[in-house]
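Just so you know, ligand 1 is whichever comes first in the structure, and atom 1 is the first atom listed for that ligand.
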Amino acid sequence: MLDQVLRTPFTDLVGVPHPVVQTGMGWVSGPRLVSGTANAGGLGILASATMTYEELERAILDVQSRTDQPFGVNLRADAGDAGERCDLLIKHGVKVASFALAPKAELVRKLKDHGLVVMPSIGAAKHAVKVAGWGADAVMIQGGEGGGHTGPVPTTLLLPTVLDALRDAGSDIPVVAAGGFFDGRGLAAALSYGAAAVGMGTRFLLTQDSAVPDSVKRLYLGTDLTGTVVTAKVDGMPHRMLRTPFVEEVEETSALRRLGPTLRRTRQFKRDSGTGWLRLARDGRAMRKAQGRSLAQMTLAANTPTLLKAGLVEGDTRAGILASGQVVGLIDDLPTCEELVDRIVLGAVDELRRASAYVV
Ligand SMILES: Cc1cc2nc3c(=O)[nH]c(=O)nc-3n(C[C@H](O)[C@H](O)[C@H](O)COP(=O)(O)O)c2cc1C
């Protein structure tokens with residue numbers, strides 16, 4: 001592992017040497033990728049939304065058998081068993097709790113009381129201010145160019161908006177910038193904006209340590225800058241993914257014709273994830289309440305993990321959907337996590353030195 005070359009409020013908070021986060025990606029951020037990142041000196045985050053409770057516990061223990069460095073777990077704040085999963089993180093001494101969507105204030109308090117670092121992902125400045133008020137230790141923002149569920153505002157505009165809003169609210173919690181990062185220039189730029197680290201999904205998916213099948217990695221590597229699309233037709237929320245023939249078909253098919261295949265895949269997800277119908281319905285109702293989704297959208301939402309699994313785990317590039325950031329168009333190699341983290345932080349140091357020479 002490279003010695004620390006950049007010290008930021010984030011590296012101090014989390015106890016990792018490098019201000020680089022491998023974000024939680026469903027079906028992708030497993031023990032090998034997370035421990036590979038941790039052993040390279042970055043913060044690796046396990047994705048748990050696609051795991052059963054038992055699988056999550058096994059995955060945590062697996063990471064701990066591969067590294068003694070800090071790591072995190074990404075949780076769905078609106079999942080019915082979010083509380084039990086938080087207890088699991090506490091039980092096993094996980095360092096960071098990362099949340100897709102804002103967690104409840106009581107959950108933040110409980111995790112903090114047990115010494116965890118709480119880092120929700122947010123897509124708007126007002127949410128950053130809200131979770132900072134509840135005691136979140138850091139926030140991760142994801143700009144619109146990022147992979148997976150994403151918002152309409154690009155990182156270059158969302159990041160300063162969030163930083164300004166937090167400053168105006170009197171908060172100086174570290175902000176991790178995600179969406180579109182892949183190299184040292186990006187890290188240098190994010191630090192110059194005032195972020196304390198970068199988070200990367202697509203870039204870490206395309207490493208030797210990621211367990212995504214090679215055929216699928218090759219498809220990503222062959223995609224150019226215009227090869228992704230944001231669609232809400234798959235699960236009712238804007239979701240950035242590769243523009244595959246399957247996605248183009250979904251974009252063109254009516255909701256009614258999608259219903260049959262959707263229900264079949266929902267049944268399969270229920271089997272794979274061990275999620276009972278009651279829990280699925282409860283999660284669906286919570287999503288509906290939180291995001292005002294229709295019944296058809298809820299069914300589609302339950303369907304998404306199976307579609308992602310078909311591509312990212314089973315390598316079926318025709319049947320599956322493949323979440324990806326636009327940055328995929330700038331990536332053309334498969335380094336190890338260590339090679340990647342080293343070159344990003346060393347590259348950022350060079351860029352920061354080069355740019356500071358402009359100061360007269
Ligand atoms: C394949 C894939 C799966 C993802 N799954 C999740 C997830 O389960 N939870 C989550 O909070 N974010 C998820 N994301 C978003 C990433 O964590 C991250 O915010 C995003 O990839 C950053 O943008 P980038 O791809 O440009 O680096 C996913 C992204 C990708 C590419």
Side-chain angles (χ1 to χ4, degrees), residues 20-30 33-34 37 42-51 56 59 72-79 82 85 96-103 119-123 139-151 153-156 158-159 176-183 186-187 190 195 197-207 210-213 216-217 219-220 223 225 227-230 234-235 237-242 244 273 301 304-305 307-313 317 320-331 340 344:
V20 173
V21 178
Q22 164 259 304
T23 61
M25 292 173 280
W27 303 118
V28 176
S29 304
L33 185 59
V34 171
T37 307
L43 180 75
I45 299 182
L46 265 178
S48 84
T50 46
M51 293 178 187
L56 174 58
V73 172
N74 179 255
L75 302 153
R76 256 186 49 200
D78 60 348
R85 287 177 184 242
V96 178
S98 137
F99 286 94
L101 308 176
M119 181 172 73
S121 295
I122 54 98
V139 288
M140 173 136 70
I141 66 120
Q142 181 186 316
E145 53 272 69
H149 292 125
T150 201
V153 183
T155 305
T156 47
L158 183 60
L159 180 55
V176 179
F181 294 101
F182 71 108
D183 69 353
L187 175 55
V198 288
M200 298 182 295
T202 306
R203 179 60 276 195
F204 274 103
L205 184 154
L206 293 169
T207 58
S210 118
V212 169
V216 178
K217 286 181 183 168
L219 188 76
Y220 275 82
T223 302
L225 264 179
T228 67
V229 62
V230 176
V234 171
D235 64 1
M237 287 190 293
H239 202 148
R240 187 178 287 284
M241 55 191 68
L242 296 189
T244 59
S273 67
T304 304
L307 294 169
L308 281 163
K309 186 183 180 201
L312 295 169
V313 180
T317 52
I321 57 167
L322 298 161
S324 172
Q326 279 183 302
V327 71
V328 70
L330 298 174
I331 298 172
L340 180 65
I344 288 178

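- In this structure, of Ser324, Gly26, Ala77, Ser29, the residue bringing a heavy atom nearest to atom 8 (O) of ligand 1 is Gly26.
- Across Ser121, Gly201, Ala323, heavy-atom proximity to atom 27 (O) of ligand 1 is greatest for Gly201.
- By heavy-atom distance, the residue among Gln142, Arg203, Met200 lying nearest atom 19 (O) of ligand 1 is Gln142.
- At the top of the distance list for atom 23 (O) of ligand 1, counting protein heavy atoms only, stands Gly146 CA, 3.2 Å.
- The parts of Thr202 lying near ligand 1 are both backbone and side chain, judged by heavy-atom distances below 4.0 Å.
- Under 4.0 Å from ligand 1, the heavy atoms of Asn74 that appear belong solely to its side chain.
- Side-chain N/O atoms of Gln142 and Ser121 include no donor and acceptor closer than 3.5 Å.
- Residue nearest to atom 15 (C) of ligand 1, selected from Gly147, Gly199, Gly186, Gly148: Gly147 (by heavy-atom distance).
- Neither the backbone nor the side chain of Ala49 has a heavy atom within less than 4.0 Å of ligand 1.
- Contact atoms of ligand 1 toward Val327: 26 (O) (distance under 4.0 Å to a heavy atom of the residue).
- The salt bridge (Lys or Arg N to Asp or Glu O under 4.0 Å) test applied to Arg203 returns Asp333, not counting sequence neighbours.
- Under the side chain to side chain donor-acceptor pair (under 3.5 Å) criterion, Thr207 pairs with no residue, sequence neighbours left out.
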